[in-house]
Every structure is written in structure tokens, then in C-alpha cells.
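Notes for the one structure printed next.
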Amino acid sequence: MRFVLSSKIFRATVTEANLEYQGSITIDSDLIDKAGLWIGEKVLVVSNTSGARLETYVIPGKAGSGTICMNGAAAHLIKKGETVIIMGFELSDKPINAKFVFVDENNKCIKQL
């Protein structure tokens, strides 16, 4: 068994960083669905801007809002305006076809693979 990439939201822009929230990343529900992520799923978030990497879990944001919000301690590492890659992984005994979601500067899906 191996952990393999199952979903990826590519070059999303962080719209908010909320230190007061207890933790996680808020993602527009439309993007969650398109990427095949689950609410509560552990994800790896990588900042293209700063190089910061962290693991957290997904909570849903308003559909169509373009929300990508770093919450709690993660807001110290990844700030509003940074671009990020959000990746989900799956434990599998065989290769899988990952879902890729490409977004524009407003976090609207422009292409899916």
C-alpha cells in the first residue's frame, strides 16, 4: 500500500487568513466537489509564494465564493494573497487517476483533468 495523490487544486489564491479560527482550511464547496475532496479530509497545502508546507483538514466554504481561507496556526505560515497548491492523498495498492482542478485568480475553475 502507498499514499498516492488523489486530488489537486492548482495555484489557488488565499483569500483570507484567520488566526482566530481553531484550525483547518476553508475551501469553496464547488472546488471541494470538483477536486473530489471530503469535508474533514487531511490535505497538504503548499505555498508557491513562500514555500511553506503544512497539513490540515478541509472545511466547506460558500459555493461559488472562491474562498480559500487559512485558519488558526496555519495563518501564520500562509497569508492572504499567497498562491497555494492543495493536495489530497489516498492509501491504495494500485495507481489511481488523480483529479486536477486549475483555477483563475478568483479561484474559479478554468480546467479539470
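Residue numbers count from 1 along this sequence.
- Under the ring-ring contact (aromatic ring centres under 6.0 Å, His included) criterion, Phe89 pairs with no residue, sequence neighbours left out.
- The shortest side-chain heavy-atom distance between Ser50 and Glu82 falls under the 4.5 Å cut-off.
- Here the side chain of Ser65 pairs a donor or acceptor atom with the backbone of Lys62 at under 3.5 angstrom.
- Residues passing the salt bridge (charged side-chain N to carboxylate O under 4.0 Å, His left out) test with Glu55, sequence neighbours excluded: Lys42.
- Looking at Ser92, its side chain never comes within 3.5 Å of a backbone N or O of Pro95 through a donor-acceptor pair.
- Once rounded to the nearest 0.5 Å, the distance linking CD1 of Ile110 with CZ of Arg11 reads 10.5 Å.
- The environment of CD in Glu20 is sparse: at most 12 heavy-atom neighbours from other residues, nucleotides or ligands sit within 6.0 Å.
- Between Gly66 and Thr15, the shortest heavy-atom contact is O-CG2, 3.5 Å.
- Checking side-chain atoms of Asp93 against main-chain N and O of Met1 turns up no donor-acceptor pair under 3.5 Å.
- Note that OG of Ser7 and CD of Glu41 are 5.5 Å apart. Values are rounded to the nearest 0.5 Å.
- A distance of 8.0 Å separates CG of Asn106 from OG1 of Thr13, quoted to the nearest 0.5 Å.
- We find the SG-CG distance between Cys109 and Asp33 to be 11.5 Å, quoted to the nearest 0.5 Å.
- In terms of the side chain to side chain donor-acceptor pair (under 3.5 Å) criterion, residue partners of Thr26 (sequence neighbours excluded) are, by chain and number, Asn71.
- Distance alone, capped at 3.5 Å, is enough to place a donor-acceptor pair between the Thr49 side chain and the Thr83 backbone.
- For residues 38-61, no residue pair satisfies the ring pair (Phe, Tyr, Trp, His ring centres under 6.0 Å) rule, not counting sequence neighbours.
- Side-chain contact between Asn107 and Asp28 is absent, with no heavy atoms from C-beta onward closer than 4.5 Å.
- In this structure, Met70 belongs to a hydrophobic cluster whose other members, linked by side-chain heavy atoms under 4.5 Å apart, are Ile9, Val14, Ile25, Ile27, Leu31, Ile32, Leu37, Val43, Val45, Leu54, Val58, Ile68, Leu77, Ile78, Val84, Ile86, Val101, Val103.
- Between the Lys108 side chain and the Gly64 main chain, a donor and an acceptor come within less than 3.5 Å of each other.
- Formation of a donor-acceptor pair under 3.5 Å by the Ser6 side chain with backbone atoms of Ala98 is not found in this model.
- Looking at every heavy atom in both residues, Ser29 comes nearest to Pro60 through OG-CB, 3.5 Å.
- Counting only N and O atoms by type, the side chains of Thr67 and Glu16 include no donor and acceptor under 3.5 Å apart.
- Contacts classified as ring pair (Phe, Tyr, Trp, His ring centres under 6.0 Å) and involving residues 91-113 (residues at least two apart or in different chains) are given here: Phe10-Phe102.
- Formation of a donor-acceptor pair under 3.5 Å by the Lys8 side chain with backbone atoms of Leu5 is not found in this model.
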